[in-house]
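One structure below.
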Amino acid sequence: MITFAKDFKRAAARVTADLRHRGLIQRALKSYEVKRDEFKGRYQNWSEARQAAAEIKWDAINHLDRYLAEFIAKLEARGTRVHVASTGEQARDYIVQVAKENAVRTIIKSKSMTAEEVELNEALEHAGCTVFESDLGEYIVQLRHEKPYHLVFPAMHLTRDEISDLFQKELGSEPTNSPEELTMIARRVMRQNYCRADMGISGANFAVAETGMISITENEGNARLTTALPKIHVAILGIEKILPKLEDLALFLPMLATAGAGQPLTCYNSLFGGPRQPGEVDGPEQFHVVLLDNRRTELLADAEQRDSLHCIRCGACLNVCPIFKNVGGHSYGTTYQGPIGSVITPHLRGLQNWKHLSAASSLCGACTEACPVGIDLHHHLLHNRRNAMKEKPLWWEKIAYAGFVFLMRRPLLYRISGKLGSIFFPLHKLVNGGPLDPLISWTKTREFPPLAKQSFQEYWKAKGKKEAPHGLS
Ligand code: SF4
């Protein structure tokens, strides 16, 4: 437990001090913000669209049993093999089994955060398969043996020069600073990988219950090739990806593109409903859909935080989060970074081990405001803090809160301690930087705001008791 928190603090301190990294992320996000606002402005009413999206997701999540059953029945009727995995291990085992039964050696994979969540690549490689990522950003981080940096932009933390150096080293290409040339280098390698792959693995952005189809939205066309060329297609997705109706995509596809990438719509939007049917000339011979629970149903049972299952993984909350912009995606040490990661990781991986993420927030509410499906993210961070404290308070938390309650119940003592505090507070500067300073973490990089010269009690007395402020009597 202490290790995860310590790792996070160490990584966050290192990355925050890296001005080059900060500049890179802020420049990238500036241009995203301009585009996002431009395309948000094209909606007749963005807030109403948001409200409609939240209501559709509410319906989907609150009737998940019914919609999942409908989705599975429709898929199976067209010959899809559907596997419901309670845990990450079950999902991995099933896919490894499919690979073994079909003597799969080479796998091409399009972007899937759910596959990252269950560490699918590692399991398949352990079973003797070679896995190639086909999304450009994912391919770059795979070559660097890194995890994705961001839900939507996995290689956002790298410059063109760094990518060029990587390609020179790993692929033997010539140095170049041109994005087009870098893309062409990767493309030449990937084309060969598509042709020799025995299996294609994808994620899914949405699962449409009404038609029994998964929807994949992307900009590079790699998901289409990944799912169409190999003879086996395996899609892995969380059970929360359900949408009730096909027409819901008319709202969710543009919304995901606008909020997530500052685009009106992504370039390629595909629906997959089963393996190749009689009379069809292309498509995979086998289509497997793995529906992952992995503690999502526990979150579903939590009425207070259930709406975090509405998430469509657009990444908008990361893009506006002051913590993410400073500490970067890798510091979190989680599959899902930023505010949504801090909300759901304690549910998916254990509250006590990951509660520190909920404390790494300014509670500014920018994430909640940015979320296209209106998840109350910053309040959920507070809920996690409260739940962690309730479940297993630390010794100093017990003392601090007991002291606080003791003081608040004794007005005279409260007044005296306020006075003493204002007299002795300036002394903290004498020990600033030393081990005795209780404010050390805070004052290391900040000036503590000056204390008010007058307490509220003194102010109130001076003002006269007759004039009551608004809302008080
Ligand atoms: S919580 Fe909202 S803003 Fe964040 S990734 Fe999910 S849908 Fe997007």
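Ligands are counted one by one from 1 in listed order, and the atoms in each one are counted from 1 as well.
- Closest protein heavy atom to atom 6 (Fe) of ligand 1: C311 SG, 2.3 Å.
- Of the protein's non-hydrogen atoms, the one nearest atom 7 (S) of ligand 1 is I312 N, 3.4 Å.
- Heavy-atom proximity to C314, at under 4.0 Å, picks out these atoms of ligand 1: 3 (S), 5 (S), 7 (S), 8 (Fe).
- Between the side chains of T226 and S134, at least one donor N or O lies within less than 3.5 Å of an accepting N or O.
- Put simply, the residue from L68, L292, N294 that forms a side chain to side chain contact (heavy atoms under 4.5 Å, CB included) with I239 is L68.
- By the criterion of a heavy-atom distance under 4.0 Å, neither the backbone nor the side chain of L318 is placed next to ligand 1.
- Selection from D307, I340, D376 by nearest heavy atom to atom 1 (S) of ligand 1 gives I340.
- Within the 4.0 Å heavy-atom cutoff, G315 counts among the residues contacting ligand 1.
- Aromatic ring centroids of H157 and H150 lie 6.0 Å or more apart.
- For F8 and Y332, the gap between ring centers is short of 6.0 Å.
- Residue, atom and distance of the protein heavy atom nearest to atom 2 (Fe) of ligand 1 are C371 SG, 2.4 Å.
- Considering R36, K30, K35 in turn, K30 is the only one that fulfils the salt bridge (Lys or Arg N to Asp or Glu O under 4.0 Å) rule with E33.
- No donor-acceptor contact under 3.5 angstrom links the side chains of H233 and T227, judged on distance only.
- The protein atom (non-hydrogen) at minimum distance from atom 3 (S) of ligand 1 is C317 N, 3.3 Å.
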